[in-house]
Amino acid sequence: MTARSLINCEAPLPADWARTLVIAVGNPSRGDDAVGPLLADRLTSWLSNEARTPDGSAPHDVAVICDQQLMVEHAYDLRDRDRVLFIDAAAKQGEPVQWQPIEASASGPTLSSHQCTPSQLLHLCAHTLQIPAPPAWLLSLHGEGFELGAPVSAAMQAAMAQAWDEILAWVATPEVNGQPVRPAAAPHHA
């Protein structure tokens with residue numbers, strides 16, 4: 001798994017460009033903030049171990065990107081995607097696991113070249129780059145500790161177990177009636 005961005009939006013897409021994208025963010029050195037990279041690693045392993053279809057192709061058309069934070073360059077990664085799932089730790093939320101649909105928005109913390117929110121990334125995609133923003137969701141897991149060198153908390157490990165099943169359901173349910181969806185198994189807490 002690598003962090004990569006396709007910077008030139010006019011360039012042809014690679015032949016293996018997946019229609020579904022998972023972008024996991026977090027710092028593996030900061031306790032519960034490691035949830036994004038940990039789930040990204042697990043999903044990448046799971047995807048590579050899935051049995052191939054009879055024609056030799058992968059059964060799931062999913063790409064996984066992991067980075068310490070979202071940056072404006074990630075807007076290019078949204079190009080020609082059917083759906084996107086952002087995974088991150090959240091210090092302030094009531095539920096251990098929470099799904100939220102993401103809409104493009106320029107509001108929020110000041111946008112910089114070094115970090116942005118999922119909503120700002122969709123806004124950049126649609127309004128600055130003139131690339132249609134795909135349907136997107138944020139899967140956030142409640143974190144308790146983000147100190148440098150801290151281990152992942154027991155509460156986060158439990159949330160990760162719950163989130164894992166929901167991620168697999170989301171991967172296995174790419175669309176209903178031609179529309180990308182999040183899994184029915186995943187509770188929606190707005």
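- Considering CD of Q130 and SG of C125, their distance stands at 10.0 Å, rounded to 0.5 Å.
- Applying the side chain to side chain contact (heavy atoms under 4.5 Å, CB included) test to L38 and every residue at least two apart in sequence or in another chain returns A34, V152, M160.
- Proximity of a side-chain donor or acceptor of S48 to a complementary backbone N or O of S45 within less than 3.5 Å is detected.
- Using bins of under 30°, 30° to 60° and over 60° for the plane-to-plane angle, the ring pair W99/W170 lands in the tilted bin.
- F146 approaches A90 most closely through the heavy-atom pair CZ-C, 4.3 Å.
- Residues that satisfy the side chain to side chain contact (heavy atoms under 4.5 Å, CB included) test with E144, not counting sequence neighbours, are D32, H142, S153, A155.
- Summarising the geometry, atom CG belonging to L141 is positioned 11.5 Å from atom CD belonging to E95; distances are rounded to the nearest 0.5 Å.
- Put simply, the side chain of L85 does not reach to within 4.5 Å of the side chain of L21, judged on heavy atoms.
- Put simply, the side chain of T20 never gets that close to the backbone of R83: no donor and acceptor are under 3.5 Å apart.
- Between atom SG of residue C116 and atom CG of residue L122 there is a gap of 9.5 Å, rounded to the nearest 0.5 Å.
- Considering every non-hydrogen atom in both L70 and T117, the closest pair reads CD1-C, 3.9 Å.
- Between V171 and L43, some side-chain heavy-atom pair lies under the 4.5 Å cut-off.
- Residues that satisfy the side chain to side chain contact (heavy atoms under 4.5 Å, CB included) test with D88, not counting sequence neighbours, are V25, D33, L138.
- The closest donor-acceptor contact from the side chain of R81 to the backbone of A18 lies under 3.5 Å.
- Take Q93 and apply the side-chain hydrogen bond (donor to acceptor under 3.5 Å, both in side chains) test, not counting sequence neighbours, and it matches S140.
- Listed here is the closest heavy atom pair of A133 and A126: CB-CB, 4.2 Å.
- Annotation for Q157: atom CD counts as buried by contact number, over 12 foreign heavy atoms lying within 6.0 Å.
- Smallest separation of non-hydrogen atoms from P37 and A24: N-CB, 4.5 Å.
- Remark: the backbone N or O of M71 is paired with a side-chain donor or acceptor of H74 at under 3.5 angstrom.
- At a threshold of 4.5 Å between non-hydrogen side-chain atoms, the residues I23 and I87 do not count as touching.
- Within the 4.5 Å cutoff, no side-chain heavy atoms of Q100 are placed close to those of W137.
- Between the CH2 atom in W46 and the CG atom in D41 there is a gap of 15.5 Å [rounded to 0.5 Å].
- Sorted pairs that involve residues 22-31 and meet side chain to side chain donor-acceptor pair (under 3.5 Å), not counting sequence neighbours, are lacking altogether.
- Listed by chain and number, the residues in a side chain to side chain contact (heavy atoms under 4.5 Å, CB included) with A161 amount to none (sequence neighbours excluded).
- The two atoms that bring D82 and P134 nearest to each other are C-CB, 4.2 Å, heavy atoms only.
- Heavy-atom minimum distance, I167 versus L139: CG1-CD2, 3.5 Å.
- With contacts defined as side-chain heavy-atom distances shorter than 4.5 Å, the pair R19/V62 does not qualify.
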